[in-house]
Colleague: 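Before I ask anything, here is the structure I am working with.
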Amino acid sequence: MEAKILKYLETEFEKGLFLASINYLNNHDDPLRFNSFSYSLRELVRNIFAARAPDELLKCCSWFRVETDNGMPTRQQRYIYCIQGGLSHSFVRSDLDMDILSFWKDIKDSIDTLSKYTHVTEGTFGIPQEQCDKLSAEALSSLLDIFDLMSDAKTELIFKLEKRINQELMSTFISNAMS
């Protein structure tokens with residue numbers, strides 16, 4: 001699973017952060033190893049969203065609306081930008097017949113799974129190795145789900161966009177050739 005996740009990581013920082021997260025699990029003497037592992041995975045997701053959906057580009061999109069007190073984009077808005085970029089919601093919905101947000105619930109659920117393990121509680125502090133292995137596998141699976149879902153959404157959008165462009169080009173070509 002680690003190799004699959006690494007394929008989605010684009011920068012040395014992302015790869016380094018991921019591998020450092022995995023290394024937390026190897027420190028069997030640290031009762032916070034699982035919490036530290038989970039926290040750093042969640043931070044990896046945050047950094048990836050921020051890198052692939054920079055504030056200055058995202059805020060220029062016609063669909064961007066301030067929804068936070070500090071004016072910063074939300075995770076959902078970053079996700080949307082990662083998939084559709086600056087394309088308008090109406091174009092994506094009407095012309096491409098695609099609901100970007102249909103993927104969001106599963107992605108948010110996966111992010112929430114990562115987040116719940118970052119909190120230090122009696123149930124996650126100093127957990128036995130067997131439980132650490134089980135929960136870390138679940139966390140890695142959630143991370144991979146996030147990447148897979150985003151990749152699937154982007155692939156679907158690109159496919160539909162290419163189809164739409166080809167239809168428009170063919171229509172224009174035929175129209176011009178028949179004039």
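Along the sequence shown, residues carry numbers from 1. As the structure is a prediction and not an experimental result, all values here were calculated from the model.
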Colleague: Taking all non-hydrogen atoms of both residues, which atom of L41 and which atom of A139 are closest, and how far apart?
Modeller: CD1-CB, 4.2 Å

Colleague: Are Y39 and L135 connected in the hydrophobic side-chain network, where two residues link if heavy atoms are under 4.5 Å apart?
Modeller: no

Colleague: Report the distance from atom CG of L157 to atom SG of C82, rounding to the nearest 0.5 Å.
Modeller: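 Separation between the atoms: 12.5 Å.
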
Colleague: Nearest 0.5 Å, please: how far is CZ in F91 from CE in M98?
Modeller: 12.0 Å

Colleague: Decide side chain to side chain donor-acceptor pair (under 3.5 Å) for D148 and Y8; before the verdict, give the C-alpha distance in whole Å, the side-chain angles of both, and the deciding distance to 0.1 Å.
Modeller: CA-CA 9 Å; D148 285 343; Y8 284 112; 2.5 Å; yes

Colleague: Evaluate the side-chain proximity of H89 to Q84: yes if any heavy-atom separation is below 4.5 Å, no if none is.
Modeller: yes

Colleague: Hey, mind stepping through D109 and K105 against salt bridge (Lys or Arg N to Asp or Glu O under 4.0 Å) and telling me if it holds?
Modeller: CA-CA 6 Å; D109 288 348; K105 184 194 176 310; 2.8 Å; yes

Colleague: Can you check whether I5 reaches L140 side chain to side chain, under 4.5 Å on heavy atoms?
Modeller: yes

Colleague: Do NZ/NE/NH1/NH2 and the carboxylate oxygens of R52 and E10 come within less than 4.0 Å?
Modeller: yes

Colleague: For the backbone of T74 and the side chain of Q77, can you confirm whether one donor and one acceptor N or O come within less than 3.5 Å of each other?
Modeller: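 Here the side-chain-to-backbone pair exists.
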
Colleague: Return the CZ to CD1 distance between R75 and I111, rounded to the nearest 0.5 Å.
Modeller: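 Answer for the CZ-CD1 pair, R75 versus I111, is 4.5 Å.
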
Colleague: Test V92 against L161 for side chain to side chain contact (heavy atoms under 4.5 Å, CB included), laying out the working first.
Modeller: CA-CA 9 Å; V92 172; L161 186 58; over 6 Å; no

Colleague: Does a donor on one side chain and an acceptor on the other come within less than 3.5 Å for S142 and S110?
Modeller: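 No, no side-chain donor-acceptor pair sits under 3.5 Å.
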
Colleague: Do you know the tightest heavy-atom contact between L25 and S136?
Modeller: CD1-CB, 3.7 Å

Colleague: I'd like to know if L57 and I83 are part of one continuous hydrophobic network [Ile/Leu/Val/Met/Phe/Trp/Tyr, side-chain heavy atoms within less than 4.5 Å].
Modeller: yes

Colleague: Should the heavy atoms of other residues, nucleotides or ligands under 6.0 Å from CE of M1 be counted, would the total exceed 12?
Modeller: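 Yes, the 6.0 Å shell around CE holds more than 12 heavy atoms from other groups.
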
Colleague: Check this for me: does any side-chain nitrogen of one of K134 and E130 sit under 4.0 Å from a carboxylate oxygen of the other?
Modeller: no

Colleague: With rounding to the nearest 0.5 Å, note down the distance linking CG in L58 to CE in M72.
Modeller: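 The CE atom of M72 is 9.5 Å from CG of L58, to the nearest 0.5 Å.
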
Colleague: Does CD in Q167 sit with more than 12 non-hydrogen atoms of other residues, nucleotides or ligands closer than 6.0 Å?
Modeller: yes

Colleague: Hey, does Q76 have a side-chain heavy atom less than 4.5 Å from the side chain of L101?
Modeller: yes

Colleague: Got a second to check how far I146's CD1 is from I48's CD1, nearest 0.5 Å?
Modeller: 9.0 Å

Colleague: Same hydrophobic cluster for L169 and L87, using side-chain heavy-atom links shorter than 4.5 Å among ILVMFWY?
Modeller: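 Yes, L169 connects to L87 through the hydrophobic network.
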
Colleague: Answer whether the closest heavy-atom distance between the side chains of P73 and D55 falls below 4.5 Å.
Modeller: yes

Colleague: Hey, is CG on D69 packed in by over 12 heavy atoms from elsewhere, all under 6.0 Å?
Modeller: no

Colleague: Between CD of E156 and CG of D99, what distance do you get to the nearest 0.5 Å?
Modeller: 9.5 Å

Colleague: Between Y79 (side chain) and M150 (backbone), is there a donor-acceptor pair under 3.5 Å?
Modeller: no

Colleague: Got E14 and N47 here, is their nearest side-chain heavy-atom distance under 4.5 Å?
Modeller: no

Colleague: Would you name the heavy atoms of R78 and A53 that are closest together and state the gap between them?
Modeller: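 What the structure gives for the nearest pair is NH1-O, 2.7 Å.
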
Colleague: Keeping the roles fixed (side chain from S36, backbone from R33), state whether a donor-acceptor pair exists under 3.5 Å.
Modeller: no

Colleague: Picking from F34, F37, F125, what satisfies ring pair (Phe, Tyr, Trp, His ring centres under 6.0 Å) with Y117?
Modeller: F34

Colleague: If only atom types and distance count, is the side chain of R42 paired as donor or acceptor with the main-chain N or O of L114 below 3.5 Å?
Modeller: no

Colleague: Are the side chains of S40 and F18 in contact, using a 4.5 Å heavy-atom criterion?
Modeller: no

Colleague: Does atom OH (Y24) have a neighbourhood of more than 12 heavy atoms from anything else shown, all under 6.0 Å?
Modeller: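 Atom OH in Y24 is not crowded, with 12 or fewer foreign heavy atoms closer than 6.0 Å.
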
Colleague: Would you say the side chain of S141 lies within less than 4.5 Å of the side chain of E138, judging by non-hydrogen atoms?
Modeller: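 A side-chain contact is absent here, since even the closest heavy-atom pair is not under 4.5 Å.
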
Colleague: If you count heavy atoms of other groups shown closer than 6.0 angstrom to NZ of K15, is the number above 12?
Modeller: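 Count over threshold, so yes.
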
Colleague: Going hydrophobic residue to hydrophobic residue with side-chain gaps under 4.5 angstrom, can you get from F147 over to F13?
Modeller: yes

Colleague: Check D112 with K116, please: is the shortest side-chain N to carboxylate O separation under 4.0 Å?
Modeller: no

Colleague: What I want to check is whether the side chains of Q129 and D133 have a donor and an acceptor closer together than 3.5 Å.
Modeller: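 A pair is found: one side chain offers a donor N or O, the other an acceptor, under 3.5 Å apart.
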
Colleague: Is there a donor-acceptor contact under 3.5 Å from the side chain of N35 to the main chain of H119?
Modeller: yes

Colleague: Given the rule that I, L, V, M, F, W and Y join up when any side-chain heavy atoms are under 4.5 Å apart, are L144 and L6 in one cluster?
Modeller: yes

Colleague: May I have the step-by-step check of side chain to side chain contact (heavy atoms under 4.5 Å, CB included) for T113 and D145, ending in yes or no?
Modeller: CA-CA 11 Å; T113 296; D145 286 346; over 6 Å; no

Colleague: So that I can tick it off, tell me whether D95 and K163 are bridged by a salt bridge, with the cut-off set at under 4.0 angstrom between side-chain N and carboxylate O.
Modeller: no

Colleague: Quick one, D29 and N27 - any side-chain contact, counting heavy atoms below 4.5 Å?
Modeller: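 Contact flag for D29/N27 side chains = yes.
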
